[in-house]
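Values below: all heavy atoms of this structure, side chains included; hydrogens, waters and symmetry mates excluded. So that the names make sense, note that chain A is the first sequence line, chain B the second, and so on, each numbered from 1.
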Amino acid sequence: MMRRGSGRRSAGDKCGLKPGYTLVIAEKPKAASRIAMALNASRKCYYGRTPYYTSQSGDLIIASAAGHLYGLHTRERGYPVFTYEWIPIYEYEKGAYYLKPYYSMLSKLSRNAELYVNACDYDIEGSVIGYMIIAKMGDPRRAKRMRYSTLTHAELREAWRKLSPIDKEMVEAGIARHEVDWLWGINISRALMDLARKATGRRVILSAGRVQSPTLVKAYNDWMKRGLYIPDPLFEVIVILEKDGVEFTAKLIGNPETRGEALKIAGQVKHDGKLRILYVERKPYERKPPPPFNLPDLQAEASRIYRYSPSETQKLAEDLYLAAAISYPRTNSQKLPSTLGYRGLIEKLISMSKYRKFAANLLSKEKLYPRQGLKEDPAHPAIYPTGYMPRNLTPRHYRIYDLIVRRFLATFSENALLVKTLSTLTDVHGRYRFEASGINIVKAGWMEIYTYSSPEEKPLPPLAVGELVDVKDVKMKIAWPNPADPPIRKISLVKWMEKVGIGTEATRARIVDTLYKRGYIIRGKSEDEMTSLGAGVARLLISAFPQLSTPDLTRRLEEDLESIRTGRNSRRKVVMEARKIIVNLLDSYKKLIESDEAKKIAAEAGLRPPEEKCHLCNMPAKAKINGVALCEAHYSAYMKLKEKLPSLKYRVQYPVDRLLSKIASVSGRFISDVAREALHNKRLYDALNA
DNA sequence: GCAAGGTC
Ligand SMILES: [Zn+2]
């Protein structure tokens, strides 16, 4: 889509290396280039096509990795498995060939270095990335750590002057994180696949892990609750009024118990032909600009506005970053530090005609200060446009770019000014109360730039207390409220992970995609759906591996890592502890799946057909209603519907068939299945209405 | 082949 802004490559650059230099290892190529500039290492050399930098004297070399070059791997099959080693990732992971050149370059540059500096991001993973390279290719006894949190010249030079000893405890904590995740993930995934194979004779890829499994269980729980939802109808009386040629609506306050009662009120108001104003209040209010984007907020907005999935948005943003159009996107920060030079960044946007007006407007202000959010990131600021606009953006890339620029400009803009009008009305007999509300935008402020979250204007004519207003029409509408639990959607899952603190900016969207790739969740017509496999795996995890079913495991791991980092605990102990728990779990699990229960468990997990299946789905039958076999979920749905039906009949006052088909269309899926079935299954119909 | 974590 876009060309990389990396400049010309002259393959034959002669960069003779004199032994005894200092090798600075950055986490990624962009960081290496910034560090090189700050440290005056301006000679750009190439190892094949991969760049590195040296000082004029040749005693300083800056080169980069591309994230983790080493990972944990085993050649052993079967489970439980507790032996693993650090191996170059490109050797065992499909699609990781791009790591090879970085690996080879660092391998060569490491040979004749005197001192190694780990200049990867100053966080737990950065410590592991740099350490593993130095440990495998160089010598950790001759290593230092460079600590910085922004890639500005001043901070990088300061960090260079104040090199620290290697952060051994942080490295140990990081390695422990890798080991514990590997032990849980590989072992429990293999355990699931083992059951599947025993039950079906076929090999399927299944997986479980510290982050993906709680997310699956969360989706499962929401889906179950939603499936059993029956709305309580609201009988709304809506009065259409007119004054001075302006039409507006007022709604009855309170909920009539029955449809008949609501119709009676509607009829009366229509007959009266007037409502009286009891109360009017104008409430001016301000809306502050939103904070600048971090990745979760960008993913949420792109999903809301363009229906892009979180991983699609992330990919588009990463492309824009590699093309130098935006800053680093895998950030959690909602803050723009003033060291970025606000004015300079906005000035660069002037050259783009689409943003010229807004940018010029901001530059005319004496003070520029962005709205800052609360979320922080140890290594990166919020996402902002660099001012360099690559040509030939695809429409999808452009949409994300436009969103980022507008959001960035909006954060510097003025508050929006709005007025909300609230009015209470009554019928002429004073029996009922109605409310009308309106919204007027007085000054759009930032909403003029970031146009995606303006409230809709709803004008209300000037109203005076005591006056009578003409009724044009009255309607009665039955509202069936949506369930409180949200439908399954990728963006909701990513947001939930962020809220409970599992996964990272770089991994959440990818891990959610994994749940779909495994066939646990599928994309549906109106909303995504749990498959019987996904529901089964979730139930199995809850019963056999409860540690993996909630975010608590992450909380405990974080505490353990912190204790390693502060020297209160050792990696060995933390890993042994995890190993012990896993050994015990797998011991019971193996007994279970080798027992007579195995077939039943496999059927419950959606891995093989049950002895007797539910009349409405493929799950095992749990109960019979008038001879109709139902699974646990459909049985619960039946019981709930049977309990609710009398009151719905009384309140809605529809013939039973019409009521059932209405319920089928507004309720959760298990309730719908039962209601729809009852319409043509006499045995179920009779049982339900008995 | 399985995790979760980096990044091209
Ligand atoms: Zn069923």
Side-chain angles (χ1 to χ4, degrees), chain A residues 4 6 25-32 49-51 64-81 84 86 89-90 92-103 105 120-121 123-133 173-197 203-216 314-315 317-319 321-323 328-331 379-380 497 502-515 517-518 537 545 548 553-554 557 561 578 582:
Chain A
R4 303 261 302 282
S6 52
I25 299 159
E27 185 161 321
K28 42 190 174 283
K30 284 228 158 111
R49 312 183 71 184
T50 313
S64 92
H68 284 289
L69 295 186
Y70 292 89
L72 291 175
H73 189 64
T74 189
R75 288 181 189 83
E76 246 176 74
R77 300 160 69 101
Y79 73 101
V81 54
Y84 42 74
W86 289 93
I89 294 171
Y90 77 88
Y92 64 86
E93 205 168 278
K94 265 190 229 157
Y97 285 107
Y98 71 91
L99 292 176
K100 179 86 188 278
Y102 296 95
Y103 173 84
M105 171 179 73
C120 297
D121 292 355
D123 53 32
I124 190 167
E125 296 299 329
S127 292
V128 176
I129 293 168
Y131 177 83
M132 288 313 303
I133 291 165
I175 294 176
R177 204 282 302 152
H178 282 256
E179 292 188 48
V180 170
D181 276 338
W182 191 92
L183 288 171
W184 277 106
I186 302 299
N187 278 293
I188 310 307
S189 297
R190 287 182 179 184
L192 294 178
M193 287 186 276
D194 184 36
L195 173 62
R197 191 153 167 232
R203 282 176 187 275
V204 277
I205 297 177
L206 301 176
S207 61
R210 173 178 56 85
V211 179
Q212 66 169 261
S213 295
T215 310
L216 176 70
Q314 186 167 339
K315 175 72 172 67
E318 281 164 354
D319 288 342
Y321 162 69
L322 292 174
Y328 184 83
R330 290 180 291 259
T331 175
H380 306 280
M497 295 163 85
I502 58 176
T504 68
E505 274 58 51
T507 60
R508 284 180 205 121
R510 196 197 308 165
I511 288 171
V512 166
D513 279 358
T514 300
L515 297 177
K517 198 168 137 197
R518 299 274 174 266
V537 169
F545 307 106
L548 284 183
L553 185 59
T554 297
L557 179 62
L561 299 186
I582 293 166

Figure out the OH/P separation between A:Y321 and B:dG6, and round it to whole Å.
14 Å
B:dG5 base to A:R210 side chain: any donor-acceptor pair below 3.5 Å?
no
Mind checking A:L183 for me? I need base, sugar-phosphate or nothing, with any heavy atom below 4.0 Å counting as a touch.
nothing
How many Å lie between CZ on A:R177 and P on B:dA3, as a whole number?
13 Å
Atom-to-atom span, CG of A:D513 to P of B:dA4 - whole angstrom
13 Å
Taking the basic N atoms (NZ, or NE/NH1/NH2) and the acidic carboxylate oxygens, is any pair closer than 4.0 Å for A:D181 and A:R177?
yes
Under 4.0 angstrom, heavy atoms only, what part of the nucleic acid is A:D121 near: base, sugar-phosphate, or nothing?
sugar-phosphate
Are A:T507 and B:dG5 close enough that a side-chain N or O sits under 4.0 Å from OP1 or OP2?
yes
Under-3.5 Å donor-acceptor pair between A:R77 side chain and B:dG1 base:
no
Taking only the side-chain nitrogens and oxygens of A:S207, find out if one of them lies under 4.0 Å from OP1 or OP2 of B:dA3.
yes
Applying a 4.0 Å non-hydrogen cut-off, can you work out what A:R518 is touching in the nucleic acid: base, sugar-phosphate, or nothing?
sugar-phosphate
Between A:H178 and A:H68, what is the ring plane arrangement, given parallel below 30°, perpendicular above 60°, and tilted in between?
perpendicular
Identify whether any heavy atom of A:L99 sits under 4.0 Å from a base atom; if not, whether one sits that close to sugar-phosphate; answer base, sugar-phosphate or nothing.
base
Spacing of A:D319 atom CG relative to B:dC8 atom C1', expressed in whole Å:
10 Å
Students often get this wrong, so: under 4.0 angstrom with heavy atoms, is A:Q212 touching a base, only sugar-phosphate, or nothing?
sugar-phosphate
Does B:dG1 have OP1 or OP2 under 4.0 Å away from a side-chain N or O of A:R203?
no
To the nearest 0.5 Å, how far apart are CD1 in A:I89 and NZ in A:K100?
14.5 Å
Counting the atoms with a prime plus P, OP1 and OP2 as sugar-phosphate, which does A:G503 contact under 4.0 Å by heavy atoms, base, sugar-phosphate, or nothing?
sugar-phosphate
CG-OG distance between A:L553 and A:S213, expressed to the nearest 0.5 angstrom
9.5 Å
Atom CD of A:E93 and atom P of B:dC8: how far apart are they, to the nearest Å?
16 Å
Which is true for A:Y328 with a 4.0 Å heavy-atom rule: it touches a base, it touches only sugar-phosphate, or it touches nothing?
sugar-phosphate
Given B:dA3, B:dG5, B:dC8, which nucleotide is nearest the side-chain atoms of A:W182?
B:dA3
Rounded to whole Å, the CD1-C1' distance (A:I188 to B:dA4) equals 15 Å
Please determine whether a side-chain nitrogen or oxygen atom of A:T504 lies at a distance below 4.0 Å from atom OP1 or OP2 of B:dG6.
yes
Mind checking whether A:Y328 and A:H380 have parallel, tilted or perpendicular rings, split at 30° and 60°?
parallel
Nearest to the side chain of A:V211 - B:dC8, B:dA4, B:dG6?
B:dA4
Classify A:I205 by what it touches in the nucleic acid, base, sugar-phosphate, or nothing, heavy-atom distance under 4.0 Å.
sugar-phosphate
Whole angstrom value for the distance that separates C1' of B:dG6 from OH of A:Y102
13 Å
Nearest-nucleotide 5' precedence on DNA chain B, A:K28 against A:Y92
A:Y92
Considering every strand and a 4.0 Å limit on heavy-atom distances, what is the contact class for A:A65: base, sugar-phosphate, or nothing?
nothing
Touch check for A:I89, heavy atoms < 4.0 angstrom, all strands: base, sugar-phosphate only, or nothing?
base
With a sphere of 6.0 Å drawn around NZ of A:K30, does it hold more than 12 non-hydrogen atoms of other residues, nucleotides or ligands?
yes
Using a heavy-atom cut-off of 4.0 Å across all strands, would you classify A:P101 as base, sugar-phosphate, or nothing?
nothing
So what does A:G67 touch, heavy atoms closer than 4.0 Å: a base, only the sugar-phosphate, or nothing?
base
Expressed as a whole number of angstroms, how long is the span from A:Q314:CD to B:dC8:P?
12 Å
What I want to check is whether an N or O donor and acceptor connect the side chain of A:Y98 with the base of B:dT7 at under 3.5 Å.
yes
